[in-house]
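If you read the sequence from its start, that first residue is 1, and numbering goes on from there.
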Amino acid sequence: MPSYTLICPPLDTSPHIARDFVATVLRTLELDGPLVDDAMLCTSELVTNACVHAKGGDGTVLWLLVEEGRLRVVVYDGDENPPVIRELTGETWERGGGRGLYLVDCVTEGRWGHGPDIPYCGPTHPEGKAVWFDLLVDPTVRRPAAP
């Protein structure tokens, strides 16, 4: 069961780099298809939330774990305040923000959460909370072997 860790400084570029990191890991493991797109979207939303809302100055740590039938991505940040799904209104959609956790909830079919003590097997992570999501891994969706 491979796992990978990325340290994300509190910069505007971190969500993009985190997306690319997750996509690269999954494609290298030959896990293609909708899983990559879904994982990139959810990762981007969690890292963006951590960069915008978490007040810990050390940035975030992203931990990606692939095991039989499941991909888990955990974003640790330095803020103890729990994430909140905002009520969706027409204004929320027009404003262009505040719908990230709603998207994560929809894409993961409710398989996400948060807490201070999510298990982790990497280097030290910031004090605060972890926000995670799980996606199901279909072992039949693999990239065709190169000729």
Side-chain angles (χ1 to χ4, degrees), residues 1-139 141:
M1 105 175 79
S3 73
Y4 303 85
T5 303
L6 176 69
I7 309 298
C8 302
L11 301 172
D12 292 343
T13 54
S14 286
H16 183 99
I17 292 168
R19 264 193 318 268
D20 288 350
F21 171 78
V22 168
T24 298
V25 168
L26 294 177
R27 288 181 180 134
T28 301
L29 294 174
E30 298 179 352
L31 297 169
D32 282 335
L35 175 68
V36 174
D37 293 333
D38 291 348
M40 287 174 59
L41 172 64
C42 292
T43 297
S44 180
E45 295 300 337
L46 294 190
V47 174
T48 297
N49 282 351
C51 289
V52 170
H53 300 293
K55 302 305 178 202
D58 295 332
T60 61
V61 174
L62 182 148
W63 182 52
L64 181 150
L65 171 70
V66 179
E67 53 189 8
E68 188 66 36
R70 177 179 79 156
L71 162 70
R72 172 163 281 188
V73 173
V74 184
V75 176
Y76 297 89
D77 64 42
D79 189 354
E80 294 179 1
N81 295 313
V84 176
I85 295 180
R86 294 185 184 167
E87 182 178 338
L88 292 181
T89 64
E91 183 181 325
T92 304
W93 289 105
E94 290 172 17
R95 201 175 57 233
R99 51 186 186 237
L101 288 177
Y102 176 80
L103 292 172
V104 171
D105 188 59
C106 288
V107 169
T108 65
E109 297 177 347
R111 290 183 300 272
W112 73 278
H114 62 89
D117 298 320
I118 305 300
Y120 174 60
C121 340
T124 304
H125 61 79
E127 294 297 319
K129 72 175 171 304
V131 183
W132 59 270
F133 68 83
D134 287 343
L135 291 169
L136 300 179
V137 174
D138 182 349
V141 180

D37: partners by side chain to side chain contact (heavy atoms under 4.5 Å, CB included), with sequence neighbours left out: none
Applying side chain to side chain donor-acceptor pair (under 3.5 Å), which residue pairs with at least one partner in residues 9-18 are found, sequence neighbours left out? H16-R19, H16-D20
So CD1 of I17 and CG of L62: to nearest 0.5 Å the spacing works out to 12.0 Å
Do L101 and E45 have side chains that approach each other closer than 4.5 Å (heavy atoms only, starting at C-beta)? no
Side chains of Y4 and L29: does their closest heavy-atom pair fall under 4.5 Å? yes
Min side-chain heavy-atom separation L135-V107 under 4.5 Å: yes
All heavy atoms of L35 vs all of L136, minimum pair found to be CD1-O, 3.8 Å
Test of understanding: with side chain to side chain contact (heavy atoms under 4.5 Å, CB included), list the residues that count as partners of D134, not counting sequence neighbours. R70, R72, R111, W132
Closest non-hydrogen atom pair between W112 and D105, with its separation: NE1-OD1, 2.9 Å
Closest contact, heavy atoms only, P83 versus H114: CD-CG, 3.5 Å
Compare every heavy atom of A130 with every heavy atom of V74, then report the nearest pair and how far apart it is. CG1-CB, 3.6 Å
Less than 4.5 Å apart, any side-chain heavy atom of L71 and any of L31? no
So do L6 and L64 actually touch side chain to side chain, heavy atoms under 4.5 Å? no
OH on Y102 to CD1 on I85, rounded to 0.5 Å: 9.5 Å
Distance col, row C8:SG vs L46:CG, nearest 0.5 angstrom, shows 11.0 Å
Can you name the closest pair of heavy atoms from P15 and C51 and give their distance? CD-SG, 4.3 Å
Using a 4.5 Å cut-off on heavy atoms from C-beta on, say whether the side chain of F133 contacts that of T43. yes
Closest non-hydrogen atom pair between T108 and C42, with its separation: CG2-SG, 3.9 Å
Looking at side-chain heavy atoms only, is the closest gap between V47 and F21 below 4.5 Å? no
